[in-house]
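One structure is given below, encoded as structure tokens.
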Amino acid sequence: MKNSEVAQVFQDIADLLELKGETLFKVRAYQKAVRSIEHLPVELAQLTKEGKLREVPGIGDAIEKKIVELLTTGRLKYYEDLRSEFPEGIISLLQVPGIGPKTAMRLSTELGIKSLEDLEAAIVDGRVVGLSRLGEKTAENILRHLRSVRTKEQRIPIGTALPLAEDIMMSLQQHSQIRNLTPAGSLRRFNETIGDIDLMGTADDGEAVIAAFTRLPQVKEVLAKGGTKASVVTHRDLQVDLRVVEHDAFGSLLQYFTGSKQHNIVLRERGQRQGLKLSEYGITDLQNGRLEKFAAEEDFYHRLGLQFIPPELREGQHEIERAAENSIPELLGISDIKGDLHIHTEWSDGRDSIEAMATGARNLGYQYIAVTDHSRGLGIAHGLNEERLREQMLEIGRLNERLEGIHILTGTEVDIRADGSLDFADELLRELDVVIAAVHSSMGQDQDRMTQRVLRAIENPHVDMIAHPTCRLLGQREPVALDSETVFRAAAQTGTALEINAMPDRLDLRDIHIFRARELGVKLALGTDAHSTEHLLYMRFGMGMARRGWCEAKHILNTLSVEEVLASLAQ
Ligand code: DGT
Ligand code: CA
Ligand code: CA
């Protein structure tokens with residue numbers, strides 16, 4: 001059983017216990033375990049084998065036993081018994097905002113509703129309104145939420161969502177008097193996938209802005225519209241929520257709707273202990289009932305005795321404790337990046353010339369790029385053979401004499417074959433500035449073979465970096481089976497860098513792996529894997545992941561200057 005499946009079981013248990021009216025304390029215990037498991041960089045099965053399950057925060061005796069039972073038998077008696085106490089499908093009803101435990105029970109027992117599809121049908125044919133004390137307005141709200149849930153279920157990669165959000169923001173800025181227009185929600189936190197886009201802004205005349213928003217050409221359908229907020233669905237079937245407030249309340253609005261939900265829960269509990277109630281409107285002093293408003297988000301955090309917490313860290317893990325002790329580090333920023341170490345050109349499967357890629361990078365303010373075309377084993381990508389690679393090295397030498405303000409490093413993205421050997425001989429690799437090794441085939445290998453394969457590449461003294469270590473493609477291909485802990489330790493020991501691949505459908509390593517690798521002292525590098533000059537801009541997605549992994553400039557290889565990076569690679 002995978003971690004995500006175990007987490008889902010505990011999430012269901014938490015929901016059912018809530019339905020049953022159990023104490024909040026008990027429900028929270030399961031919710032906490034869910035968050036913890038979702039953020040684990042290693043498989044629970046492995047921790048169980050090593051007897052380390054109890055070291056995970058939020059996993060105590062009772063939950064440990066349940067995990068072991070799930071992993072060994074694939075079932076959990078406690079869960080099955082709990083489920084049998086309730087009608088089928090009740091958990092899905094509870095996910096709909098506006099449906100609390102009581103309504104869910106009535107829908108299920110009185111109308112026999114077992115799924116969201118049943119529910120939609122029952123609203124449309126009027127049976128839901130027929131239930132006593134459930135008005136037309138509630139039914140309408142539920143219907144709207146059902147549609148909203150449906151669009152949100154198809155989470156889209158941030159690489160698709162961010163440009164769409166920027167397009168809408170640009171239009172809205174042209175058509176209205178909106179100010180401080182900012183993304184919030186998962187987009188601002190740089191989650192790898194996005195359920196819906198949340199936008200925040202300020203205006204003197206909020207209603208005019210809302211009206212302009214609902215009339216944008218990108219909008220297909222208006223789900224809801226009020227004086228200060230609206231929800232729409234775009235032609236790309238993506239939901240966009242906009243909220244507009246007056247300037248003096250913007251800080252708390254942005255804070256609340258940036259989330260994450262879990263971060264806000266932990267923050268609210270901290271506020272409660274201080275006698276303060278937090279909301280999207282500000283902070284209320286519970287003693288005198290006075291509401292303090294915040295124009296700036298920083299001041300909201302400061303009022304709670306906390307350092308400002310960058311959105312990418314707001315996961316409800318340990319960021320609030322760290323902010324309380326003033327130990328949130330200065331995270332990596334885009335201006336720290338001095339070069340791009342993973343670039344393809346027309347010599348293999350890229351679109352543009354070496355020179356075009358180099359001048360593109362220079363325009364971004366970089367000092368260097370590494371040309372890392374594929375090796376011969378990758379036939380479909382027109383991988384270079386030894387002879388062509390030598391030709392390319394000469395060409396790069398000539399370009400370096402001619403081009404000003406940018407240095408081109410010679411390199412390769414050499415294929416790691418199924419047995420862990422490399423596609424080029426050591427003698428050739430030795431002559432290159434940068435050697436990136438990567439898996440592109442036989443991805444179905446079991447964990448032992450795959451781990452040994454990657455370890456062999458890591459231990460080759462000429463390999464500087466492993467690209468996209470888990471090979472996952474978001475929404476298309478699961479990560480390969482890799483013992484990440486062993487790989488990270490070997491990478492740290494040999495000084496081999498691991499790549500944070502910035503291509504939006506890879507984002508590999510992912511946040512939790514970055515966090516763990518960094519903890520173990522692994523050198524990390526950001527690479528765009530650009531196959532055209534436009535792709536150089538993918539760097540910001542890798543940046544988001546690095547920040548989510550708590551990376552500072554010092555953790556990232558390509559924050560070094562060209563002289564420093566060459567010296568580091570030569571070691
Ligand atoms: P998404 O859209 O699924 O990718 O994820 P988010 O985080 O953007 O979630 P969304 O759009 O439902 O809500 C945006 C933020 O608003 C969320 O991160 C925190 C806040 N928020 C929404 N609903 C609740 C809630 O019921 N409780 C709390 N504490 N915060 C909420
Ligand atoms: Ca959202
Ligand atoms: Ca939303």
Side-chain angles (χ1 to χ4, degrees), residues 11 14-15 18 24 27-28 31-32 34-35 38-39 94-101 141 144-162 164-165 168-169 182-201 213 222-226 228-234 236-245 250-272 276-283 297 300 304 309-317 319-320 474-475 504 507 511 544 548:
Q11 181 63 55
D15 290 344
E18 204 170 353
L24 201 56
V27 175
R28 281 284 161 76
Q31 286 170 341
K32 186 156 186 232
V34 171
R35 303 298 160 228
E38 283 174 340
H39 285 89
L94 282 173
Q95 310 306 322
V96 181
I99 298 188
N141 278 336
R144 200 169 57 228
H145 282 305
L146 279 180
R147 292 188 189 158
S148 150
V149 168
R150 203 178 306 135
T151 55
K152 281 194 72 165
E153 264 170 2
Q154 302 143 3
R155 302 186 65 80
I156 63 168
I158 189 160
T160 312
L162 189 54
L164 288 173
I168 289 174
M169 287 166 68
T182 314
S186 50
L187 195 62
R188 183 163 181 240
R189 303 196 312 275
F190 259 89
N191 272 26
E192 58 193 38
T193 62
I194 306 296
D196 73 356
I197 293 173
D198 303 281
L199 302 176
M200 307 289 134
F213 173 62
V222 179
L223 292 177
K225 185 179 160 193
T228 58
K229 60 182 182 190
S231 290
V232 303
V233 177
T234 69
R236 306 282 297 265
D237 280 328
L238 186 65
Q239 182 176 330
V240 185
D241 296 343
L242 172 70
R243 281 164 208 270
V244 185
V245 290
F250 185 62
S252 40
L253 179 87
L254 186 58
Q255 195 290 317
Y256 183 87
F257 288 104
T258 294
S260 65
K261 193 170 165 186
Q262 192 61 23
H263 173 85
N264 285 355
I265 287 173
V266 183
L267 201 63
R268 203 155 53 220
E269 284 169 352
R270 181 184 168 84
Q272 264 159 13
L276 303 170
K277 181 174 163 285
L278 316 186
S279 72
E280 61 202 278
Y281 309 105
I283 298 180
E297 206 183 27
F300 186 93
L304 298 168
I309 302 175
E312 295 92 338
L313 304 185
R314 299 184 196 171
E315 285 296 325
Q317 291 295 298
E319 71 277 9
I320 292 171
L474 265 172
L507 301 180
D511 51 8
R548 287 178 63 84

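As the structure is a computational prediction, the values presented were derived from the model and not from experiment. Residue numbers start at 1 and run along the sequence shown. Order of appearance sets the numbers: ligands from 1, and atoms from 1 within every ligand.
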**Asked** Okay, side chain of Asn264, backbone of Tyr256: is any donor-acceptor separation there less than 3.5 Å?
**Response** yes
**Fill in**
Numbered in order shown, the ligand 1 atoms found under 4.0 Å of a heavy atom of Gly185 are 8 (O)
**Request:** Could you tell me whether a side-chain N or O of Glu192 sits under 3.5 Å from a main-chain N or O of Phe190, the two making a donor and an acceptor?
**Result:** no
**Message:** Which atom name would you report as the N, O or S atom of Asp198 nearest the Ca ion (ligand 2)?
**Reply:** OD2
**Asked** Does His263 come within less than 4.0 Å of ligand 1, judged by its heavy atoms?
**Response** no
**Request:** Check whether any side-chain N or O of Arg243 sits under 3.5 Å from a backbone N or O of Thr228 as a donor-acceptor pair, and report yes or no.
**Result:** no
**Message:** Distance under 4.0 Å to a non-hydrogen atom of Arg155: what atoms of ligand 1 satisfy this?
**Reply:** 1 (P), 3 (O), 4 (O)
**Prompt:** Can any side-chain N or O of Arg155 pair as donor or acceptor with the backbone N or O of Thr193 at less than 3.5 Å?
**Reply:** yes
**Request:** Using only N, O or S atoms, tell me which atom of Asp196 is closest to the Ca ion (ligand 2).
**Result:** OD1
**Prompt:** Considering only heavy atoms of Arg189, which atoms of ligand 1 have at least one such atom less than 4.0 Å away?
**Reply:** 7 (O), 18 (O)
**Item:** Asp198 touching ligand 1 at heavy-atom level, < 4.0 angstrom
**Value:** yes
**Request:** May I ask you to check if ligand 1 and Gly195 share an N or O to N or O distance below 3.5 Å?
**Result:** yes
**Message:** For ligand 1 and Thr193, I'd like to know whether there is a polar contact (N/O to N/O, distance under 3.5 Å).
**Reply:** no
**Request:** With the Ca ion (ligand 3) as the reference point, give the N/O/S atom of Asp241 that is nearest.
**Result:** OD2
**Request:** Spell out, as yes or no, whether a donor-acceptor pair under 3.5 Å connects the side chain of Arg189 to the backbone of Leu313.
**Result:** no
**Item:** Enumerated ligand 1 atoms positioned under 4.0 Å from heavy atoms of Asp196
**Value:** 2 (O), 11 (O)
**Item:** Asn191 touching ligand 1 at heavy-atom level, < 4.0 angstrom
**Value:** no
**Asked** Which ligand 1 atoms does Ile194 reach within 4.0 Å, using its non-hydrogen atoms?
**Response** 4 (O)
**Asked** Is Thr182 close to Phe250 at the side-chain level, that is, under 4.5 Å between some pair of heavy atoms?
**Response** yes
**Message:** With a cutoff of 4.0 Å, is Thr258 in contact with ligand 1, counting heavy atoms of the residue only?
**Reply:** yes
**Prompt:** Looking at Arg35, His263, Arg548, Gln262, which one forms a side-chain hydrogen bond (donor to acceptor under 3.5 Å, both in side chains) with Glu315?
**Reply:** Arg548
**Message:** I'd like to check whether Ser260 has a polar contact with ligand 1, where a contact means an N/O of the residue lying under 3.5 Å from an N/O of the ligand.
**Reply:** no
**Message:** Side chains of Thr160 and Arg236, heavy atoms from C-beta outward: is any pair under 4.5 Å?
**Reply:** yes
**Asked** Does Asp15 have any side-chain hydrogen bond (donor to acceptor under 3.5 Å, both in side chains) partners at least two apart in sequence or in another chain, and if so, which?
**Response** Gln11, Gln95
**Contacting atoms of ligand 1, where contact means under 4.0 angstrom from a heavy atom of Asn264** = 19 (C), 29 (N), 30 (N)
**Request:** Please determine, by modelled atom types, if Arg188 and Thr258 share a side-chain donor-acceptor pair under 3.5 angstrom.
**Result:** yes
